[in-house]
A.B. asks: 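One structure, pasted below without further comment.
In this chain, residues are counted from 1 in sequence order.
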Amino acid sequence: DSLLGPGQLKRSLVEGTDVNVFIPVLTELSNLNDSAYAITANAARSILIEQTIPTVEQRRQRLKATLEEVMATPAGPERTEKIEAFLEENVRMGDLLFYFLRKHDKEIQCAVLEVYIRKIYKMHKIKSMETSACLDSPQDDVVSATWTFSAEAAEALPAGISNVSSFLDLTQLVRARSGGALSSGNDSEGNDSEGGPGGMHKIPPGVSRAGVFARFVRFDNAREHFLHLLAKFPKQSGLTPRAAVGGPVNALHVLILRDAADDADATAKRLTLFLREHLEGLKAAAVRRVTFMVWHKEGKGEKEEIFQAPAIYTFRSKNDFAEDSLFRHIEPSHAFHLDLVRLSSFTIKLADTRQ
């Protein structure tokens, strides 16, 4: 107990004591199985885990170095390779994104947008990326990026394993099995499961889609420039992906740097009402989903330099842009890897917990 007293070991590590000196002892303590030592064992495990995770400052410096390399390299394969090399390190950057978009000039902001977009769309094929236009933007409070992308072909499942949704009861399961539904997969977007079962058409792999990502200082700025944002999407015609697929295909990301400390549910309702004011414009732009990233200030007098993960809200055209709460605080382009669509048949209540 004395070794793991109130912050004693943690203070020692911060002050520069060689961590390796404590690793063998911590490992032994973490392996204690007797319930009498449960608190000590858990504390030892927590400290061991902490020592394997890069600090915020280490991640900030690594991302800053990458951004400097990106800015020094012209658009092209070499630039993309440098970003991909950084992404392979799997450096968490959600909480760093707001820092770089708030504290730096537009050139760095454009670079961090490109890195973040390539991170969240890592499992897609990005065909083009344009961020230079935002350097010439007359509005100091708007930074944006546009890109085109498509879903990669899904890997085949091993023999005997089917891609299925969840079932509420055995009767439903038997009917699905007898009807051959178990092999049909969920009714979403091919391998890019951004919809729910029965919710929307599938988007086959290879279909070209457009993405727009914009950073605004406040929500009022987003409201003011929203129509201009929708105009960035390609004009729709009989030859566009929307016509070929039979429905909307594009993705819109909106990031708000400062917002009132609303309750998450209240924020989602406010954003839904805002999007429903623009249903015609969203439909004309073939927008399938809108993702809002919002920085909610926690507490009074908190310094903006604190690295805090943003709140993420996803809204889909199939629901007239009501929030898809199953995906709250999860980037929708990542969510299909978690197979969350399987939970869509169940009533889910989100737990309010710090990210």
Side-chain angles (χ1 to χ4, degrees), residues 56 59-60 63 91-103 109 112-113 115-117 119-121 141-145 194 196 211-223 225-226 229 251-278 282 287-317 319-338 340 343-344 348-355:
V56 170
R59 291 188 290 114
R60 187 184 73 84
L63 178 55
V91 176
R92 185 165 62 91
M93 59 178 293
D95 55 341
L96 301 177
L97 183 63
F98 279 56
Y99 171 81
F100 281 98
L101 289 176
R102 181 185 290 117
K103 296 295 182 181
Q109 292 184 34
V112 78
L113 270 191
V115 172
Y116 186 73
I117 290 167
K119 181 178 179 65
I120 62 176
Y121 283 87
D141 55 358
V142 181
V143 175
S144 64
E194 298 175 2
V212 174
F213 197 129
R215 185 282 274 158
F216 299 95
V217 175
R218 303 182 188 279
F219 178 71
D220 288 343
N221 303 131
R223 184 187 293 276
H225 297 292
F226 197 72
L229 207 57
L252 173 61
H253 298 254
V254 179
L255 186 148
I256 310 295
L257 288 179
R258 296 185 180 91
D259 192 60
D262 287 343
D263 170 80
D265 292 334
T267 298
K269 290 178 182 178
R270 175 164 60 100
L271 294 175
T272 294
L273 292 176
F274 167 68
L275 291 174
R276 285 180 174 173
E277 295 174 3
H278 296 279
L282 290 164
V287 174
R288 183 184 185 86
R289 59 171 165 80
V290 180
T291 300
F292 277 89
M293 300 179 69
V294 183
W295 190 84
H296 292 299
K297 190 174 183 179
E298 295 184 352
K300 295 181 179 180
E302 182 183 13
K303 293 182 179 180
E304 293 181 347
E305 286 80 7
I306 291 179
F307 298 97
Q308 174 186 320
I312 300 176
Y313 306 91
T314 299
F315 305 84
R316 303 186 189 281
S317 60
N319 300 322
D320 287 334
F321 293 99
E323 188 204 7
D324 190 344
S325 59
L326 183 61
F327 296 85
R328 184 178 290 180
H329 305 323
I330 301 175
E331 279 287 359
S333 54
H334 285 166
F336 73 93
H337 294 294
L338 302 177
L340 292 181
L343 299 176
S344 59
I348 304 295
K349 183 177 180 180
L350 296 175
D352 186 13
T353 180
R354 187 176 181 87
Q355 293 184 358

A.B. asks: Using a 6.0 Å distance limit plus a 45 degree cone around the ring axis, check whether Arg289 lies over the aromatic ring of Phe327.
C.D. replies: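 No cation-pi geometry.
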A.B. asks: Of all the heavy-atom pairs spanning Asp320 and Arg276, show the shortest one and how long it is.
C.D. replies: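 The answer is O-NE, 2.8 Å.
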A.B. asks: For the atom pair OG1 (Thr291) and CZ (Phe213), what is the distance rounded to the nearest 0.5 Å?
C.D. replies: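 If we round to the nearest 0.5 Å, Thr291:OG1 and Phe213:CZ are 8.5 Å apart.
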A.B. asks: Which heavy atom of Arg92 sits nearest a heavy atom of Leu96, and at what distance?
C.D. replies: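 Looks like O-CD1, 3.9 Å.
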A.B. asks: Does any part of the side chain of Trp295, heavy atoms only, come nearer than 4.5 Å to the side chain of Leu257, both counted from C-beta?
C.D. replies: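 SC-SC contact between Leu257 and Trp295 ruled out.
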A.B. asks: Going from CZ on Phe292 to OG1 on Thr314, what distance comes out if it is rounded to the nearest 0.5 angstrom?
C.D. replies: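 The distance works out to 11.0 Å.
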A.B. asks: Is there a side-chain contact between Leu255 and Leu97 in this structure, where contact means two heavy atoms from C-beta onward sitting under 4.5 Å apart?
C.D. replies: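 In short, these two side chains touch, coming nearer than 4.5 Å.
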A.B. asks: Going from CG on Leu275 to CG on Leu252, what distance comes out if it is rounded to the nearest 0.5 angstrom?
C.D. replies: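 The CG atom of Leu275 sits 8.0 Å away from the CG atom of Leu252.
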A.B. asks: Work out which heavy atom in Ala145 is nearest to a heavy atom in Ile117; give both atom names and the distance.
C.D. replies: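 Residues Ala145 and Ile117, closest heavy atoms: CB-CD1, 3.8 Å.
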A.B. asks: Which atom names give the shortest non-hydrogen contact between Ile256 and Phe98, and what distance separates them?
C.D. replies: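 Shortest heavy-atom separation between Ile256 and Phe98 comes out as O-CE2, 3.3 Å.
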A.B. asks: For the ring pair Tyr116 and His253, is the centre-to-centre distance below 6.0 Å?
C.D. replies: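 No, they do not, as the ring centres are separated by 6.0 Å or more.
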A.B. asks: Report yes if the side chains of Val142 and Phe216 come closer than 4.5 Å at any heavy-atom pair, otherwise no.
C.D. replies: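 Counting from C-beta outward, Val142 and Phe216 do come under 4.5 Å.
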A.B. asks: Before giving the answer on side chain to side chain contact (heavy atoms under 4.5 Å, CB included), spell out for Leu229 and Val254 the whole-Å C-alpha distance, their side-chain angles and the decisive distance to 0.1 Å.
C.D. replies: CA-CA 9 Å; Leu229 207 57; Val254 179; 4.0 Å; yes
A.B. asks: Within the side chain of His329, is there an N or O that forms a donor-acceptor pair under 3.5 Å with the backbone of Ile312?
C.D. replies: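 Yes, the answer is positive, given that a donor and an acceptor are paired below the 3.5 Å cut-off.
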A.B. asks: May I ask you to decide if Val91's main-chain N or O and Arg59's side chain share a donor-acceptor pair within less than 3.5 Å?
C.D. replies: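 Side chain of Arg59 to backbone of Val91: no pair is present.
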A.B. asks: Measure the CD-CE distance between Glu331 and Met293 for me, rounded to the nearest 0.5 Å.
C.D. replies: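 Spacing of CD (Glu331) from CE (Met293) equals 5.0 Å.
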A.B. asks: Check ring-ring contact (aromatic ring centres under 6.0 Å, His included) between Phe274 and all other residues, then give those that pass, not counting sequence neighbours.
C.D. replies: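 Testing Phe274 for ring-ring contact (aromatic ring centres under 6.0 Å, His included), a comparison that skips the adjacent residues, returns Phe219, Phe226, His278.
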A.B. asks: To the nearest 0.5 Å, how far apart are OH in Tyr313 and CZ in Arg328?
C.D. replies: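 The CZ atom of Arg328 is 6.0 Å from OH of Tyr313, to the nearest 0.5 Å.
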A.B. asks: With sequence neighbours left out, what residues match Arg223 under salt bridge (charged side-chain N to carboxylate O under 4.0 Å, His left out)?
C.D. replies: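 With sequence neighbours excluded, Arg223 shows a salt bridge (charged side-chain N to carboxylate O under 4.0 Å, His left out) to Glu277, given in chain and number order.
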A.B. asks: If you round to the nearest 0.5 Å, how far is CG of Asp220 from NE2 of His225?
C.D. replies: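 It comes to 10.5 Å.
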A.B. asks: If you look at every heavy atom in Gly94 and Pro310, which pair is closest and at what distance?
C.D. replies: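 Shortest heavy-atom separation between Gly94 and Pro310 comes out as O-CD, 3.5 Å.
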A.B. asks: Salt-bridge test for Lys269 and Asp263: reply yes if a basic N is under 4.0 Å from a carboxylate O, no otherwise.
C.D. replies: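 No salt bridge links Lys269 with Asp263.
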